[in-house]
Amino acid sequence: MSDRLKIALTKGRLQDQSVALFERMGLDCTPVKDPGRRLIHQIANYPLDVVLAKAPDVITYVQHGVCDLGVVGKDTILEKGGAFYEVLDLGFGRCRFALATRWGSDFYGTYKTRRIASKYPEVTRAFFERKGMDVEIIRIEGSVELAPILGLADAIVDIVETGATLRENGLEPIEDVAQVSARLIVNTASMKLHKAQILDWIGRCQQALAGETEREKGG
Ligand code: PRP
């Protein structure tokens with residue numbers, strides 16, 4: 001059995017902030033910062049291999065145990081679900097899911113079944129189920145903001161970070177659906193098989209995050 005841990009990192013938005021966190025933990029991340037076309041990278045000064053993957057694949061790899069750890073957004077966790085431990089809120093990649101409509105439209109002022117467009121049908125379904133409201137959900141793959149503009153949907157459920165995309169397209173958030181940030185996830189079997197190593201890793205993450213909070217406070 002290899003004594004190196006494998007961690008799957010979400011490529012793109014969360015990648016740089018994950019690397020910044022690992023560097024605060026003292027890891028030499030040189031190969032991950034200049035990955036070229038390589039997808040797996042060995043950390044030289046810690047027994048860790050880093051796998052770069054798309055967010056839903058991070059969950060798949062961790063759930064199947066081919067990666068022990070993963071860094072993935074809560075948005076993907078809420079949409080895809082799965083069996084793994086969610087052990088730490090890493091604090092970066094903060095945004096929210098919001099319900100948004102065309103500016104000034106009265107979403108709740110009708111009895112007809114509303115149509116909601118989203119890249120996140122499961123998050124949308126769960127949100128309206130909690131409200132006890134029957135809606136028709138239309139899955140969109142790209143810029144979901146187009147759906148209400150084109151008249152395909154009454155509203156959207158989407159990620160809002162700065163709010164600029166909504167504003168620039170004449171839409172407004174009318175309700176928060178869920179808060180999102182990056183999470184550290186762990187395979188359930190790895191947690192038992194590599195307990196000491198994984199607890200060491202989680203401890204180092206927590207220390208680096210606590211140091212960050214102190215710096216933010218000006219400590
Ligand atoms: C997300 C989301 C919005 C945008 C919101 O898309 O779907 O379109 O960000 O950000 P803002 O509130 O700061 O304007 P993203 O850029 O992640 O691209 P995606 O379509 O690949 O999800």
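The shown structure was predicted, so the numbers you read here are calculated from the model rather than taken from an experiment. Atoms within a ligand are numbered from 1 in the order they appear, just like the ligands themselves.
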Among all protein non-hydrogen atoms, which one is nearest to [atom], and what is the separation to 0.1 Å?
| atom | result |
| --- | --- |
| atom 18 (O) of ligand 1 | K119 NZ, 4.4 Å |
| atom 4 (C) of ligand 1 | T165 OG1, 3.7 Å |
| atom 5 (C) of ligand 1 | I159 O, 3.4 Å |
| atom 15 (P) of ligand 1 | R13 NH2, 3.5 Å |

Sorted by chain and residue number, the side chain to side chain contact (heavy atoms under 4.5 Å, CB included) partners of A164 (sequence neighbours excluded) come out as T162, R167, E168

Quick test of your reading of the structure: of E145, E168, R167, whose heavy atom lies closest to atom 3 (C) of ligand 1?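 Result: the heavy atom closest to atom 3 (C) of ligand 1 is in E145.
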
Do ligand 1 and G163 have nitrogen or oxygen atoms that lie under 3.5 Å from each other? yes

Where does T162 meet ligand 1, judged by heavy-atom distances below 4.0 Å: at the side chain, the backbone, both, or neither?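 Within the 4.0 Å criterion, T162 contacts ligand 1 through backbone and side-chain atoms alike.
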
How are the rings of F128 and F107 set relative to one another: parallel (under 30°), tilted (30 to 60°) or perpendicular (over 60°)?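 Ring orientation, 0 to 90° scale: tilted.
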
Is D154 paired with K112 through a side-chain N to carboxylate O contact shorter than 4.0 Å?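 Here K112 pairs with D154 in a salt bridge, since their nearest N and O are under 4.0 Å apart.
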
May I ask you to check whether over 12 heavy atoms, not counting those of F127, lie within 6.0 Å of atom CZ?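 Atom CZ in F127 is packed in, count exceeds 12.
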
Tell me if the NZ atom of K195 is crowded by more than 12 foreign heavy atoms within 6.0 Å.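 Atom NZ in K195 is not packed in, count stays at 12 or less.
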
Considering only distance and modelled atom types, tabulate donor-acceptor pairs under 3.5 Å from the side chains of residues 77-96, sequence neighbours left out.
unit_1: E79; atom_1: OE1; unit_2: E122; atom_2: N; d: 3.1
unit_1: E79; atom_1: OE1; unit_2: V123; atom_2: N; d: 2.9
unit_1: E79; atom_1: OE2; unit_2: E122; atom_2: N; d: 2.9
unit_1: K80; atom_1: NZ; unit_2: T60; atom_2: OG1; d: 3.2
unit_1: E86; atom_1: OE1; unit_2: K74; atom_2: NZ; d: 3.0
unit_1: E86; atom_1: OE2; unit_2: K74; atom_2: NZ; d: 3.3
unit_1: E86; atom_1: OE2; unit_2: R183; atom_2: NH1; d: 2.8
unit_1: D89; atom_1: OD1; unit_2: G91; atom_2: N; d: 2.9
unit_1: D89; atom_1: OD1; unit_2: S181; atom_2: OG; d: 2.8
unit_1: D89; atom_1: OD2; unit_2: S181; atom_2: OG; d: 3.3
unit_1: R94; atom_1: NE; unit_2: G91; atom_2: O; d: 3.3
unit_1: R96; atom_1: NH1; unit_2: D176; atom_2: OD1; d: 2.5

